[in-house]
Amino acid sequence: IADGGYFWLDENSKAVIEHAREIAETFGASVIEEEHLCLALLRDSDLMRCVKSAAEISLSELRRKLISKLQYGDAAPSKSMKFSPSVRAI
């Protein structure tokens, strides 16, 4: 995301956003969607423990459901990828 105004975030948050961008890029997306961000957050071991203890769904099933909502696009890779309107609203 080329630090596009997110200089105030801590390093962990920046890493999650960068991973979400990489996931979006893998799917050929032109913007970072909610599912990309959720998949990136699932890499955080502390968060995964919380989700696992609170959810009535396994992490692998959650990943599968998130991925099934994504569609492959044909956008060119970009370090300056923007957030979708729904992610900006979070």
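Just so you know, these numbers come straight off a predicted model, no measurement behind them.
- A salt bridge does not link K14 with E18: none of the charged nitrogens is closer than 4.0 Å to a carboxylate oxygen.
- Shown here for I32 and V87, the closest heavy-atom pair between the two residues is O-CG2, 3.5 Å.
- Hydrophobic clustering (side-chain heavy atoms under 4.5 Å, transitive across Ile, Leu, Val, Met, Phe, Trp, Tyr) groups F27 together with L62.
- In this structure, CD1 in I17 is found 13.0 Å from CE in M81, a value given to the nearest 0.5 Å.
- Remark: L39 CG to E22 CD distance equals 12.5 Å, nearest 0.5 Å.
- Within the 4.5 Å cutoff, no side-chain heavy atoms of E35 are placed close to those of I67.
- Taking every heavy atom of both residues into account, A20 and A40 meet most closely at N-CB, 3.5 Å.
- A 4.5 Å side-chain heavy-atom check between H36 and L70 finds at least one atom pair inside the cut-off.
- Here the closest heavy-atom approach between residue V31 and residue A24 is recorded as O-CB, 3.9 Å.
- Within the model, atoms CG of L37 and CD1 of I23 stand 9.0 Å from one another, a figure rounded to the nearest 0.5 Å.
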